[in-house]
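Have a look at the structure below, then the notes.
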Amino acid sequence: MSGSRTTRIVRAPRDTHLSCKGWQQEAALRMLMNNLDPEVAEKPEQLIVYGGAGKAARDWEAFDAIVAALRRLESDETLLVQSGKPVGIFRTHPDAPRVLIANSLLVPAWATWEKFWELEAMGLTMYGQMTAGSWIYIGTQGILQGTYETFAACAAQRFGGTLRGRWVLTGGCGGMGGAQPLAITINEGVALVVEVDPARIRRRLETGYCDRMTADLDEALAWVERAVAERRPLSVGLVGNAAEVFPELVRRGRIPDVVTDQTSAHDPLNGYVPTGLGLDEAAELRRRDPEEYVRRARASIKVHVQAILDMQGRGAVAFDYGNNIRQQAREAGLERAFDYPGFVPAFIRPLFCEGRGPFRWVALSGDPADIHRIDDAVVETFPDDERLVRWIQTAREKVAFQGLPARICWLGYGERARMGLVINELVRRGEVKAPVVIGRDHLDAGSVASPNRETEGMRDGSDAIADWPILNALLNTAAGATWVSVHHGGGVGIGYSLHAGMVVVADGTDDAARRLQRVLTCDPGLGVVRHADAGYDRAVETARRAGIDMPMLPR
Ligand code: NAD
């Protein structure tokens, strides 16, 4: 770490030397730092990792205090972090989490952006997004696999299993949205991504996630159409405002095969740029008159969503990609905003019913060879899962690491525990050089209540029931995860979601093996339970087949 308070650069240590009193504390320390690595974070100088204003720590003073606390934390103590600020250390026991985190939580009747911003300005809270404030963001790769799965499911459902010869229109090329161009080309399709900030597209070109960039709509369309005609994968980043470009495409009758969006519309003040403003003008208006900014952002969002509906009306497959843009459009007066579905009910829920969800790991050694060894181990462990094997091979070829080397894939109930133990064995045998962190996004089967996204349209109407993420965090704490977090507002914004995260460290010891077995069974197991309880047959079958004990499982 170096530099002055405002320009400092944070990067996780890469060696096998401990700066803390144990690998569990060291893992939390390195992952906090890794979240703020300039290769990983979108705006590290403001501690912003991704997803609008998703932060890793409340401010630099709090960051320094967390680092100092982790360095002195004993292996039978637990550090409490309240919205990015370390507030207490208590003696617990070695199998308890080393860190417990609560981010952005508000009493429900107070849970609006306006109240949140007021409390944030008073220095009392911070926005943790999902993996930003819970220290398990791994750069754009983290979402790449989920995005790949989503477009693969869309292709399977609507286009005979491939996007070859099809084009997808989307907005936003930020921390998450930047995965879209590569996920679409891996599915053999053509992507046109509209992004207002050229620096965001440039970053995706540099990391190989996007192929080409232009600010000229005609040129972009010419590239797209040629690639579609030649049935050749291609991704194009178009510098422009989605609320201008989308309606313009409707006017021209250029209707994509698939349309979605990943601007940070969930946060109309910090995440969405209204039409008619350059980036600097937008920043100036945001500072000078936040209310007017939000009004203009919502007005643009309304136009943007209307264009998506128009495209859907002319045959495009439209889905909301988890940024709550439909809600913002409805608040701006667009009654029909929810006429197109969210991506979870459209494509992902059947996977959740099997406890299948995001599973990621990070090599604390910093050595890419460790991840490559684990890549091989995934293929050796699940040789018959063709989709998984193809993903691991593609990721190895195409994904540039950001920060500490990491990998992600989607695994189901039973598979996650199995893979966790395989990784622990590799650490024990010295086949990887240092312990490995295993965690996940909060976007998972049993860890989130988000009625406009993960729990949209639940079969039993339980969309807004938020007991599940709390049970998830409590269960992972009881099972001995290394750190556990409960957040509010991730993905879709304040007032719209509650969700929980867990991370568990594989350090090659027997204790770690026991913790991994417990955590990686309980965590996806609750996902199966949540969906079986909601009446999904596939989840009921999974629970029965796996012998998950549900006292009231209908016979
Ligand atoms: P980000 O803030 O890093 O990027 C958003 C991008 O949108 C920025 O680059 C910004 O310049 C651009 N943008 C803003 N207004 C625009 C406009 N009018 N036209 C064109 N571009 C515009 O956010 P992110 O991490 O990429 O996340 C994007 C959204 O996706 C967020 O709402 C996030 O909550 C959501 N999300 C979805 C999933 C999922 O699995 N579906 C997961 C995580 C996050």
Side-chain angles (χ1 to χ4, degrees), residues 9-14 27-28 30-57 128-150 172-183 185-186 193 195 197 199-210 235 237 262 264 322 358-368 370-372 374-375 391-392 394-410 436-443 490-491 501 503:
I9 292 179
V10 175
R11 200 166 172 263
R14 256 72 175 164
R30 291 191 188 192
M31 290 307 297
L32 164 65
M33 291 179 168
N34 194 55
N35 265 16
L36 291 169
D37 186 321
E39 277 177 41
V40 176
E42 294 291 315
K43 296 176 191 163
E45 67 290 351
Q46 297 171 47
L47 298 111
I48 291 177
V49 183
Y50 78 99
K55 291 172 74 172
Q129 255 292 2
M130 289 195 158
T131 52
S134 57
W135 313 339
I136 186 69
Y137 185 66
I138 56 170
T140 299
Q141 186 199 168
I143 200 65
L144 178 64
Q145 216 273 340
T147 313
Y148 161 77
E149 291 272 352
T150 302
C173 211
M176 299 278 108
Q180 297 176 106
L182 182 55
T185 53
I186 296 174
V193 186
E195 162 62 57
D197 181 352
R200 299 298 187 101
I201 303 179
R202 221 167 284 126
R203 185 168 185 170
R204 309 307 158 208
L205 290 178
E206 283 160 13
T207 50
Y209 274 57
C210 187
S235 54
Q262 272 207 350
S264 275
F359 179 87
R360 59 181 60 174
W361 56 95
V362 182
L364 292 175
S365 64
D367 188 344
D370 281 358
I371 293 298
H372 294 146
I374 301 171
D375 284 344
W391 158 254
I392 292 290
T394 309
R396 190 167 179 159
E397 237 173 74
K398 299 207 174 189
V399 171
F401 294 131
Q402 295 167 260
L404 290 172
R407 185 69 78 224
I408 179 166
C409 66
W410 277 38
V436 173
V437 151
I438 298 173
R440 59 158 173 75
D441 195 354
H442 300 196
L443 186 167
V503 177

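- Atom-to-atom distance recorded for Ile408:CD1 and Glu149:CD is 9.5 Å, nearest 0.5 angstrom.
- By the 30° and 60° cut-offs, the orientation of the rings of Tyr50 relative to Tyr137 is parallel.
- For the pair Arg360 (side chain) and Val437 (backbone), a donor-acceptor distance under 3.5 Å is absent.
- For the ring pair (Phe, Tyr, Trp, His ring centres under 6.0 Å) test, no residue two or more places apart in sequence or in another chain qualifies with Tyr209.
- Annotation: side chain of Pro13 is in contact with side chain of Met33 (closest heavy-atom distance under 4.5 Å).
- With sequence neighbours excluded, the residues satisfying side-chain contact (heavy atoms from CB on, under 4.5 Å) with Lys398 are Leu182, Thr394.
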Can you check side-chain contact (heavy atoms from CB on, under 4.5 Å) on Arg200 and Glu42, steps first, answer last? CA-CA 9 Å; Arg200 299 298 187 101; Glu42 294 291 315; 3.0 Å; yes
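- Closest approach of Ser264 and Gly51 over heavy atoms only: OG-C, 3.9 Å.
- Side-chain atoms of Glu39 come within 3.5 Å of backbone N or O of Gly403 as a donor-acceptor pair.
- The distance from the CE atom of Met31 to the OG1 atom of Thr131 is 9.0 Å, given to the nearest 0.5 Å.
- Nearest heavy-atom pair, Thr140 versus Gly175, reported as atom, atom and distance to 0.1 Å: OG1-O, 3.0 Å.
- Applying the ring pair (Phe, Tyr, Trp, His ring centres under 6.0 Å) test to Trp410 and every residue at least two apart in sequence or in another chain returns nothing.
- Scored by the salt bridge (Lys or Arg N to Asp or Glu O under 4.0 Å) test, Arg440 finds Asp444, Asp523 as partners (sequence neighbours excluded).
- Not a single salt bridge (Lys or Arg N to Asp or Glu O under 4.0 Å) links Arg202 to another residue, sequence neighbours left out.
- Atom-to-atom distance recorded for Gln402:CD and Arg203:CZ is 6.0 Å, nearest 0.5 angstrom.
- Asp441 approaches Pro358 most closely through the heavy-atom pair CB-CG, 4.0 Å.
- Closest of all the heavy-atom pairs between Cys173 and Pro181 is SG-CG, 4.4 Å.
- When all heavy atoms of Pro38 and Pro44 are compared, the closest pair comes out as CA-CG, 3.9 Å.
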Evaluate side-chain contact (heavy atoms from CB on, under 4.5 Å) for Ile201 paired with Val193, printing each intermediate quantity in order. CA-CA 9 Å; Ile201 303 179; Val193 186; over 6 Å; no
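- Residues that satisfy the salt bridge (Lys or Arg N to Asp or Glu O under 4.0 Å) test with Asp370, not counting sequence neighbours, are Lys433.
- In terms of heavy atoms, Ser134 sits closest to His442 at OG-NE2, 3.1 Å.
- Arg407 and Gln145 are not linked by any side-chain donor-acceptor pair at a separation below 3.5 angstrom, with hydrogens and angles left out of the test.
- Gln129 places a side-chain N or O within 3.5 Å of a backbone atom of Gly491 that can act as its donor or acceptor partner.
- For the pair Val362 and Arg30, the minimum side-chain heavy-atom distance is 4.5 Å or more.
- Taking 4.5 Å as the limit, every side-chain heavy atom of Ile138 sits out of range of all side-chain heavy atoms of Trp361.
- Atom CE of Met176 and atom CE of Met130 lie 10.0 Å apart (nearest 0.5 Å).
- Trp135 has its side chain out of reach of Val503: every pair of non-hydrogen atoms, C-beta onward, lies at least 4.5 Å apart.
- Side-chain contact between Arg14 and Leu404 is present, with heavy atoms from C-beta onward closer than 4.5 Å.
- Between the CG atom of Asn34 and the CD1 atom of Ile136 there is a distance of 9.0 Å, given to the nearest 0.5 Å.
- Atom CD1 of Ile48 is separated from atom CG of Asn35 by 13.0 Å, given to the nearest 0.5 angstrom.
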